[in-house]
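The structure's right below; bear with me while I get my questions together.
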Amino acid sequence: MSLANLRTHYTTQIDPGKIGDDKVALAGWVHEVRDLGGICFVVLRDRQGRAQITLVKKKIDRELFNFARKLIRESVISVRGSIKPEEKAPNGYELIPDEIELLNEAESPLPLDTTGKVDAELDTRLDSRFIDLRRSRTNAIFRIRHEVLHAVRNYLANDGFLETSSPKVVATATEGGTALFPITYFDREAFLNQSPQLFKQILMSGGMDRVFEIGPIFRAEEHDTRRHLNEATSIDIEASFVDHFDVMEILENMVEYVYNQVIENVPDALEVMGIELRVPKTPFLKLTYQEAIDIVNSHGEEELKWGDDLSTLSEHTIGEHVFQETGEEHYFIIDWPTEIKPFYAMPYEEKPEFSKSFDMMHRTMELSSGAQRIHVPEMLKNRIADQGLDPEGFDFYLRAFSYGMPPHSGWGLGCERFVMTMLGVENIRDVVLFPRDRRRLSP
RNA sequence: GUCCGAAUAGUGUAGAGGCCUAUCAUGGGGCCCUGUCGAGGCCCCGACCCGGGUUCGAAUCCCGGUUCGGGCGCCA
């Protein structure tokens, strides 16, 4: 028997007015069994939703009735039968079964409740992610995450960007800043890459003109917060013959597009989460770095001087200030001091202590950072040396700048932070299927 | 890394030295019930993180450990 016979429809695909006398098969998990004595309801759940299977004792085979009322929750079943329009049932129909096939029986008790009656802590849910995913809220988060990634790909491809993939195993820990995970690569030491940055720039020399990559990045920092992971997903772009303002425009328009697509394509998931999504207004406010630290200093909770990076507290101070002033949650901070940005950020010609760099912020945290990049090899070598890095380790990268490198700009956007700020999710682990943090390496 | 807090049935919780043979909900088992949709009713089952200490007596107080949560730091 072909397994295709186990399911003819998802629960949400049945139109009770049109189906007539045709037999249908639904397959999924036993969400609940409500045995009322003379009548028994089995709620079957699949990825899309739920359906009610109704068994009336007097009208149905006694053996089938007794089998149904003894089903163990979260077991996997396939049910074949006929559809009866019924306004009292979910989706406007109920399934009157001819047969119920038990495909895999669940053990009892379950590691956590899937119906929403009893909460479970994040740690408990992550330990049993396979069953946590059966909860409607968790299911909704990952359907939305899919829609976000799908919309990003659509937007960038339509804007002339080619999707690329760069290596995650790299030879040298050269970029500086963050710590890398060392690994063994045959008989050599290698590292997991912290960012596709250097590779996407090389692609600009290759004439690919506009590229993007959605992929994992690895940071070996021992950070321990609700917004950091050691393995995250980065949405990166790089584009030639454009400046930082051009790529900021791409970024804000993409954010707007993604919000709209989520609203249009997964409204049911938003409803499950109880979210009425508001689309950010473009263009986003642009604060200079100087204005940003002035805001922090005028609030008096901490004193920042020029050249300081923004603390977590100051990010919140600025975010709240912008929200009070504009009612918007997204904004840019531009014109950062060259010394606190990575070596590849292009300084302004007339004031080289400032760089053509930006961060895209949400009210609560940093979402993205980008810049126009240095495309002049001598300047790049000097900047690498200025930051205390060894230019020799950058040969594979620097060579690309000596044979025709166009001016270019780009950014990286944290996928998880984008999703969590969109949905108001407070812990980044909630928007990753199998998060990797300081402590968790399994599942 | 550091500061603060927490750890009780499968899950989520109550608990402030004797009231604990440990609360409630959910769940599981049994029985009743023909329209439930967090079904309802009755009965039953199931737990104090580990190791020391204080005390006549510890789930409760102290010390150490482990694990978890939150803040900060670290962090293209």
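Excluded from the calculations below are hydrogen atoms, water molecules and symmetry mates; all remaining heavy atoms, backbone and side chain alike, are included. Below, chain A is the first sequence line, B the second, and so on; all start at residue 1.
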Aromatic centroids of His299(A) and His321(A) separated by under 6.0 Å: yes

Watson-Crick or G-U counterpart of G57(B), or none if no pair lies under 3.5 Å: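 WC or wobble partner does not exist here.
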
Test of ring centre spacing under 6.0 Å for Phe354(A) and Trp306(A): yes

Touch class at under 4.0 angstrom, heavy-atom based, for Arg226(A) against every strand present: sugar-phosphate

Considering all heavy atoms, the nearest Thr225(A)-Arg429(A) contact: O-NH1, 3.2 Å

Qualifying residue for side-chain contact (heavy atoms from CB on, under 4.5 Å) with Ile83(A), from Asp21(A), Ile19(A), Ile96(A):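 The side-chain contact (heavy atoms from CB on, under 4.5 Å) with Ile83(A) is passed solely by Ile19(A) among Asp21(A), Ile19(A), Ile96(A).
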
Salt bridge flag under 4.0 Å for residues Arg7(A) and Asp46(A): no

Sugar-phosphate, base or nothing in reach of Ile217(A), heavy atoms under 4.0 Å: base

Touch class at under 4.0 angstrom, heavy-atom based, for Glu107(A) against every strand present: nothing

Sugar-phosphate, base or nothing in reach of Thr115(A), heavy atoms under 4.0 Å: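 If one applies the 4.0 Å heavy-atom cut-off, Thr115(A) turns out to touch nothing in the nucleic acid.
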
Phosphate OP1/OP2 of G12(B) contacted by Thr124(A) side-chain N/O (<4.0 Å): yes

Distance-only donor-acceptor test (3.5 Å): side chain His223(A), base C75(B): no

Nucleotide opposite A16(B) in a Watson-Crick or G-U pair, distances under 3.5 Å: none

U36(B) base / Gln52(A) side chain donor-acceptor hit below 3.5 Å: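 Yes.
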
U26(B) to G65(B) separation - C1' atoms, rounded to the nearest Å: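 33 Å, rounded to whole Å.
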
Salt-bridge contact Asp335(A)-Lys356(A) (side-chain N to carboxylate O under 4.0 Å):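 Judged by the 4.0 Å cut-off on N to carboxylate O distance, Asp335(A) and Lys356(A) do not form a salt bridge.
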
Short N-O contact, Lys117(A) and Glu32(A), less than 4.0 angstrom: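 Result for this pair is yes, salt bridge flagged.
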
Complementary nucleotide of G73(B), counting Watson-Crick and G-U pairs under 3.5 Å: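 Its partner is none (no Watson-Crick or G-U wobble pair with both distances under 3.5 Å).
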
Pair Phe394(A) and Phe343(A), ring centroids less than 6.0 Å apart: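 So the answer is yes for these two rings.
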
Length of the NE2-P vector between His31(A) and U36(B), whole Å: 18 Å

Atom P, compared across G28(B) and G51(B): separation rounded to whole Å: 32 Å

Any Thr225(A) side-chain N or O less than 4.0 Å from OP1/OP2 of C75(B):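 No, Thr225(A) has no side-chain N/O under 4.0 Å of OP1/OP2 on C75(B).
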
First encountered from the 5' end of RNA chain B, between Asp224(A) and Lys84(A): Lys84(A)

Inter-nucleotide C1' distance (U13(B), A7(B)), Å rounded: 13 Å

Sugar-phosphate, base or nothing in reach of Glu32(A), heavy atoms under 4.0 Å: sugar-phosphate

Base U36(B) paired with Lys88(A) side chain (donor-acceptor, <3.5 Å):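 Check fails, no donor-acceptor contact within cut-off.
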
Interatomic distance at P, G70(B) relative to A76(B), whole Å: 23 Å

Partner nucleotide, any strand, of U21(B) [Watson-Crick/G-U, under 3.5 Å]: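 Looking at the geometry, U21(B) pairs with no nucleotide.
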
Paired nucleotide for G28(B) [Watson-Crick or G-U wobble; both distances under 3.5 Å]: C44(B)

Distance test, side-chain N/O of Arg227(A) to OP1/OP2 of C75(B), below 4.0 Å: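 The answer is no; no side-chain N or O of Arg227(A) sits under 4.0 Å from OP1 or OP2.
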
Separation of the P atoms in C44(B) and A22(B), to the nearest angstrom: 13 Å

Pair partner, U67(B) [Watson-Crick or wobble, under 3.5 Å]: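 Result: A6(B).
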
Residue mapping more 5' on RNA chain B - nearest nucleotide basis, Leu112(A) or Leu413(A):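 The 5'-side residue here is Leu112(A).
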
G35(B) base / Glu94(A) side chain donor-acceptor hit below 3.5 Å: yes

is_close_aromatic(His330(A), Phe284(A)), centroid dist under 6.0 Å: yes

Phosphate-side-chain proximity, Arg50(A) and C37(B), N/O vs OP1/OP2 below 4.0 Å: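 Arg50(A) to C37(B) OP1/OP2: no side-chain N or O under 4.0 Å.
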
Lys70(A) bridged to Asp35(A) by N-O distance under 4.0 Å: no

From U36(B), G12(B), A76(B), nucleotide with atom closest to Leu36(A) side chain: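 Nearest listed nucleotide: U36(B).
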
With 3.5 Å as the limit, what N/O pairs link the protein to nucleotides 28-30 of chain B?
none

Sugar-phosphate only, base, or nothing, as touched by Arg429(A) at under 4.0 Å among non-hydrogen atoms: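 Nothing, no nucleic acid heavy atom in range.
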
Contact under 4.0 Å: Arg440(A) side-chain N or O vs C68(B) OP1/OP2: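 So the side-chain polar atoms of Arg440(A) never come under 4.0 Å of the phosphate oxygens OP1 or OP2 of C68(B).
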
Short side-chain N/O contact to G69(B) OP1/OP2 from Asn427(A), under 4.0 Å: no

Closest to side chain of Arg438(A), choosing from G1(B), A76(B), U34(B): G1(B)

Side chain of His316(A) - closest among C72(B), U26(B), A76(B):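 The answer is C72(B).
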
Touch class at under 4.0 angstrom, heavy-atom based, for Ser311(A) against every strand present: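 Touches sugar-phosphate only.
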
